[in-house]
2 protein chains.
Amino acid sequence: MPSIKDVADIAGVSTATVSRVLANKPHVRPQVRERVLAAVESLNYRPNLVARSLRVQKSNKIGLIVADIQNPFFTSVSRAVEDLAYDHELSVFLCNTDENPKKEDIYLDLMQDENVAGVIIAPTRQTASAFTEAIKLDLPMVIIDRRLQGVDIDSVLIDNIDAAYRLTEHLIADGHRRIGAMFGLDSVTGSQRHQGFLKAFKEHDLQPSSDLVIHVNAREDEGYQAAKELLSRAQPPDAILTSNGLLSVGAFRALHESKVAIPDDIGFASFDETGWTTLVNPPITIIEQPTYEIGQAATELLLQRIKNPNRPAREIILKANLVVRGSCAHH
Amino acid sequence: MPSIKDVADIAGVSTATVSRVLANKPHVRPQVRERVLAAVESLNYRPNLVARSLRVQKSNKIGLIVADIQNPFFTSVSRAVEDLAYDHELSVFLCNTDENPKKEDIYLDLMQDENVAGVIIAPTRQTASAFTEAIKLDLPMVIIDRRLQGVDIDSVLIDNIDAAYRLTEHLIADGHRRIGAMFGLDSVTGSQRHQGFLKAFKEHDLQPSSDLVIHVNAREDEGYQAAKELLSRAQPPDAILTSNGLLSVGAFRALHESKVAIPDDIGFASFDETGWTTLVNPPITIIEQPTYEIGQAATELLLQRIKNPNRPAREIILKANLVVRGSCAHH
DNA sequence: AAACATTTTGTAATCGTTTACAATAAAAAT
DNA sequence: ATTTTTATTGTAAACGATTACAAAATGTTT
């Protein structure tokens with residue numbers, strides 16, 4: 001690999017001049033600039049990013065730390081971040097915490113060690129320690145998907161209360177009263193969606209059957225279990241609402257296996273558009289999160305913060321979209 | 001951020017000694033080692049990876065370049081790579097080429113510029129130029145999913161011919177004769193699967209209806225179109241076989257919309273386990289690729305090559321798994 | 001006690017850039 | 001023609017680690 005020294009030698013100038021040419025700095029004769037460019041070309045020279053990063057103490061990378069790379073929500077967000085970053089000549093360092101705070105700590109440290117320009121992160125439930133420290137060291141950072149209490153930091157979220165409210169209200173409007181619901185355990189998102197759920201009941205002067213509300217980890221198997229349990233109740237629910245994509249698959253699988261008819265025996269409504277919801281019969285009524293927009297907004301926020309580290313933190317709240325299909329038809 | 005100099009000062013030693021302690025090198029008095037460790041602790045010191053990387057000309061990162069981060073095949077592979085890398089204290093730089101050779105070039109260059117220890121890549125159809133160059137510069141590399149002709153390089157693939165052969169044979173055994181099939185265009189994988197398809201017919205002394213074989217880009221919309229077209233034929237097929245997950249969704253959506261009954265009106269069989277195949281009625285018979293194993297094998301291969309750059313290239317071929325479900329029952 | 005071997009530590013060069021600062025060359029003003 | 005100003009280039013010091021090599025300290029042998 002040729003270095004800047006080699007280029008300088010061939011062009012018959014100093015490394016400083018080469019650097020100036022490459023950075024498009026002023027004060028270099030057009031003639032010399034030509035020579036340098038020719039040398040760069042002939043050697044197929046590319047600046048060593050590691051050396052540059054060491055010298056200027058920053059880089060053109062941004063970090064993206066997600067909780068689960070297999071969750072379509074995150075891949076869609078990632079896609080958006082990738083696209084925007086690419087447009088701005090940034091590269092993306094994508095990491096998967098697996099909902100593991102220890103991994104989150106490690107990756108957050110790693111990001112700093114790598115001199116990233118900033119990071120976009122979907123924090124795990126438990127606020128990690130490296131987290132607040134990274135914030136202190138003013139690493140530009142924006143949070144997605146989950147609000148972090150207490151800290152003043154750029155974030156982009158969806159209006160979970162409103163989304164759950166609308167989904168619940170839709171079930172109520174379709175005549176469902178005994179609504180079984182499952183929400184993510186220990187997650188701010190989950191509890192907000194629970195709030196929205198309750199709000200819908202309240203505003204319709206109804207009482208939710210609190211024994212039908214289950215809090216579980218956002219995993220397919222737990223969704224499956226929860227649905228099985230709801231179905232086995234003495235007085236089973238007349239509809240099931242799930243608060244995220246993974247729970248949703250699990251719950252649907254349980255209903256499917258139990259051969260209860262949707263929507264005749266039981267209504268079904270869920271969060272997240274995950275590809276299969278329109279392939280089944282009937283298609284599922286869902287709340288669709290604007291995943292791509294979330295990624296876009298997060299990247300824009302991050303770019304702005306990098307440019308201006310002192311601006312006040314901003315919180316962008318996007319509305320989710322209720323997509324009515326056939327799974328909760330009139331009861 | 002404290003540097004090794006700060007640690008050295010506090011411990012009252014030279015930076016060389018600090019480095020030796022941290023690298024667990026011999027020749028340092030236990031007493032001194034203690035002092036250094038205490039200093040490290042008190043300052044909360046972490047070595048600067050950029051500086052280290054510049055000095056030793058390598059790093060603990062590996063690159064993973066995939067064609068489409070939204071394709072469950074790749075996320076599952078990524079997951080495996082992540083897991084193994086984590087166990088070996090490597091971090092993973094994940095990039096998405098979007099099937100775009102230009103992006104592939106850029107990322108491949110970037111990998112070298114970042115001093116990665118090696119890269120795992122699912123190459124785009126067109127062999128990119130930076131590619132062969134990277135190989136020349138002996139960047140440790142392993143290829144997944146797609147064979148690259150001409151070059152002698154570690155790779156892990158599945159036996160596509162065999163897989164397609166078995167899937168086709170299964171359809172034939174179930175009495176299907178006019179099998180409509182769609183294969184990925186311009187892709188080695190696609191053409192291998194086509195070969196397997198033909199082989200099954202040949203070995204059963206049957207003649208495939210070549211007018212029912214369609215080559216399209218591996219995208220959902222093209223799968224949808226292709227299926228629609230097959231259905232509208234004067235003599236429509238009695239079964240449809242799709243050669244990858246995205247085509248599969250599209251084709252299924254077309255069948256679903258057209259209200260043809262599976263398997264009574266038409267059989268359906270497909271590649272890739274993508275989550276929805278067991279949620280629909282009937283569940284879909286598929287070839288399941290050992291995605292996690294692919295990622296594992298690739299990472300192991302890469303680690304070995306990093307350790308021993310001169311060993312001869314190895315090609316690992318994994319068998320795919322035929323999962324028989326209800327979508328092609330006896331015709 | 002001197003000579004030698006071995007262990008422990010420090011000095012300084014190095015990796016490939018960027019960038020203050022100094023030095024030189026060219027242009028403008030006197 | 002000399003001085004002053006401005007534009008162009010080079011020199012060398014960072015950035016923060018690792019690592020030959022030299023030096024010092026300790027231990028061993030004669």
Side-chain angles (χ1 to χ4, degrees), chain A residues 1-40 43-61 109-117 137, chain B residues 1-40 43-61 89 109-117 137 139:
Chain A
M1 278 280 224
S3 78
I4 197 171
K5 186 76 180 29
D6 303 318
V7 176
D9 288 350
I10 290 201
V13 296
S14 72
T15 62
T17 302
V18 177
S19 180
R20 271 187 283 261
V21 170
L22 263 35
N24 263 310
K25 293 249 171 94
H27 303 311
V28 35
R29 295 213 315 282
Q31 198 195 117
V32 175
R33 157 165 278 124
E34 280 307 307
R35 280 217 313 277
V36 170
L37 258 21
V40 164
L43 286 176
N44 216 304
Y45 166 77
R46 283 199 316 272
N48 181 316
L49 298 184
V50 176
R52 173 181 292 167
S53 174
L54 175 61
R55 174 60 225 238
V56 303
Q57 301 287 29
K58 58 187 170 125
S59 75
N60 289 308
K61 298 187 290 262
D109 282 350
L110 184 69
M111 289 299 138
Q112 293 178 252
D113 296 343
E114 289 284 345
N115 276 339
V116 296
L137 291 166
Chain B
M1 279 281 224
S3 78
I4 197 172
K5 187 77 182 27
D6 302 319
V7 176
D9 288 350
I10 290 202
V13 296
S14 73
T15 62
T17 303
V18 176
S19 181
R20 273 189 281 260
V21 170
L22 264 36
N24 263 310
K25 292 251 171 94
H27 304 312
V28 34
R29 294 214 315 282
Q31 197 196 119
V32 175
R33 158 164 276 124
E34 280 308 307
R35 280 218 314 278
V36 170
L37 258 21
V40 164
L43 284 176
N44 215 304
Y45 167 77
R46 283 199 315 274
N48 182 316
L49 298 184
V50 176
R52 173 181 294 167
S53 173
L54 176 60
R55 175 60 226 244
V56 304
Q57 301 288 29
K58 55 184 172 135
S59 75
N60 290 307
K61 298 187 290 262
E89 312 209 305
D109 283 350
L110 184 69
M111 289 299 139
Q112 295 178 252
D113 296 343
E114 289 285 345
N115 276 340
V116 296
L137 291 166
L139 172 66

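Throughout, a chain's letter reflects where its sequence line sits, starting with A, and its residues are numbered from 1.
In this structure, the side chains of B:R35 and B:V13 come closer than 4.5 Å at one or more pairs of heavy atoms. By the 4.5 Å heavy-atom criterion applied to side chains, B:S53 and B:V50 are not counted as neighbours.
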Polar atom pairs (N or O), protein with nucleotides 24-27 of chain D, under 3.5 Å:
none

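To the nearest 0.5 angstrom, B:L49 atom CG is 11.0 Å from A:Q112 atom CD. To the nearest 0.5 Å, atoms CE (A:M1) and CG (A:N44) are separated by 9.5 Å.
Every residue two or more places apart in sequence or in another chain that forms a side chain to side chain contact (heavy atoms under 4.5 Å, CB included) with A:T15 is listed here: A:I4, A:K5, A:A8. Applying the salt bridge (Lys or Arg N to Asp or Glu O under 4.0 Å) test to B:R46 and every residue at least two apart in sequence or in another chain returns A:D109, A:D113. Residues passing the side chain to side chain contact (heavy atoms under 4.5 Å, CB included) test with B:E89: none are found, sequence neighbours excluded. Applying the side chain to side chain contact (heavy atoms under 4.5 Å, CB included) rule to B:K25 yields the partners B:R20, B:A23; only residues at least two apart in sequence or on another chain are considered. With sequence neighbours excluded, the residues that form a side chain to side chain contact (heavy atoms under 4.5 Å, CB included) with B:L37 are B:V21, B:L22, B:R33.
Going from atom CG of B:N115 over to atom P of C:dG16 covers 9 Å, rounded to whole Å. A straight line from NZ of B:K58 to C1' of D:dT18 spans 11 Å, rounded to a whole angstrom. Note: CE (A:M1) to C1' (C:dT17) measures 14 Å, nearest angstrom.
Of the residues in residues 4-15 of chain B, B:I4 come within less than 4.0 Å of DNA chain D through at least one heavy atom, sorted by number. Residues of residues 50-57 of chain A having a heavy atom closer than 4.0 Å to DNA chain C, listed by number: A:A51, A:R52, A:R55, A:V56. Sorted by residue number, the members of residues 20-40 of chain A with any non-hydrogen atom under 4.0 Å from DNA chain D read A:R20, A:H27, A:V28, A:R29, A:V32.
Taking five base pairs at each end of the helix from C:dA1-D:dT30 to C:dT30-D:dA1, the local helix axes there meet at an angle of 60°, rounded to 10°.
Distances shown here put every side-chain N or O of A:S19 at or beyond 4.0 Å from the OP1 or OP2 atom of C:dT17.
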Could you tabulate the donor-acceptor pairs under 3.5 Å formed by side-chain atoms of residues 54-61 of chain B, not counting sequence neighbours?
unit_1 : atom_1 : unit_2 : atom_2 : d
B:S59  : OG     : B:K61  : N      : 3.2
B:S59  : OG     : B:N115 : O      : 2.8
B:K61  : NZ     : A:E114 : OE1    : 3.2
B:K61  : NZ     : A:E114 : OE2    : 3.2

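Proximity of a side-chain donor or acceptor of A:D6 to a complementary backbone N or O of A:S3 within less than 3.5 Å is detected.
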